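Bear in mind that the values here come from a model prediction, so they are computed numbers and not experimental data.
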Amino acid sequence: MKNNFYITVTDVKNYAYCPKIIYFTHVLHLQEPKTEAMELGSQKHDETLITPLLKTLKTKKLLKNINLTSKTLKITGKLDYLAITKFGEYIPIEIKWSEPTPKGKPKRDHKLQLATYAILAEENYKTTIKR
């Protein structure tokens with residue numbers, strides 16, 4: 001029997017935050033109660049939030065809500081944005097609503113989520129993600 005189980009990019013993020021979340025969701029089938037930040041994050045993202053970034057990157061094309069899957073790695077997810085610059089560079093963008101860290105740096109679980117999207121984008125678009 002073939003196992004067609006794919007883990008999600010959210011599973012990767014959740015595991016990085018707290019491995020028990022995976023046990024609760026996939027073994028016990030319990031769902032985490034939605035927080036205010038989760039509600040904000042699940043609402044449609046406003047492109048104006050990233051407009052200054054898009055100008056800085058010299059974005060030629062912006063893809064939105066891209067479903068990405070790796071048959072090799074058995075990982076799937078939906079990336080918020082994929083910017084394609086005028087130089088042909090692909091840059092994944094994920095919007096996050098959260099409290100800032102003490103040093104103002106991205107949270108570890110968010111960085112791992114974006115890195116996973118970068119790996120998926122590389123495979124799906126046959127490119128190298130540099131940033």
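Linking ILVMFWY residues whenever their side-chain heavy atoms come closer than 4.5 Å, directly or via other members, leaves V27 and I7 in distinct clusters. V9 and I22 fall into different hydrophobic clusters, where Ile, Leu, Val, Met, Phe, Trp and Tyr residues are linked whenever their side-chain heavy atoms come under 4.5 Å apart, directly or through other members.
Atom CZ of F87 sits about 10.5 Å away from atom CG of L57, to the nearest 0.5 Å. Annotation: the span from Y90 atom OH to I129 atom CD1 amounts to 8.5 Å, rounded to 0.5 Å. With rounding to the nearest 0.5 angstrom, the CD1 atom of I119 is 12.0 Å from the OG1 atom of T72. How far OG1 of T101 is from NE2 of H110: 10.5 Å, rounded to the nearest 0.5 Å. Separating the CG atom in L53 from the CD1 atom in I91 is a distance of 7.5 Å, to the nearest 0.5 Å. For the atom pair NZ of K86 and OG1 of T59, the computed distance is 11.0 Å after rounding to the nearest 0.5 Å.
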List the steps, then state whether side chain to side chain contact (heavy atoms under 4.5 Å, CB included) holds for K107 with Y17.
CA-CA 9 Å; K107 295 180 179 181; Y17 183 76; 5.9 Å; no
With side chain to side chain contact (heavy atoms under 4.5 Å, CB included) as the criterion, how do K60 and I84 come out once you've worked through the C-alpha distance, each side chain's angles and the decisive distance to 0.1 Å?
CA-CA 6 Å; K60 179 179 173 182; I84 304 170; 5.5 Å; no
Worked verdict on K105 versus K111 for side chain to side chain contact (heavy atoms under 4.5 Å, CB included):
CA-CA 10 Å; K105 297 195 177 201; K111 289 193 291 187; 5.9 Å; no
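Atom OH of Y125 has more than 12 heavy atoms from other residues, nucleotides or ligands within 6.0 Å.
K61 and L63 get closest at one heavy-atom pair: CE-CD2, 3.6 Å. The minimum heavy-atom distance between A83 and L54, with the atom names listed, is CB-CD2, 4.3 Å. Among all heavy-atom pairs drawn from P92 and L79, the shortest one is CB-CD2, 3.8 Å. Taking each heavy atom of L120 and S70 in turn, the nearest pair found is CD2-CB, 3.4 Å.
No side-chain donor-acceptor contact under 3.5 Å links N14 to the backbone of D11. A side-chain donor-acceptor contact under 3.5 Å links K126 to the backbone of E123. A side-chain donor-acceptor contact under 3.5 Å links E94 to the backbone of D80. Not a single donor-acceptor pair under 3.5 Å links the side chain of D109 to the backbone N or O of Y15.
Counting only heavy atoms from C-beta outward, the side chains of Q113 and K96 approach each other to under 4.5 Å.
The side-chain contact (heavy atoms from CB on, under 4.5 Å) test with Y117 is passed by exactly one of L68, I66, L112: L68.
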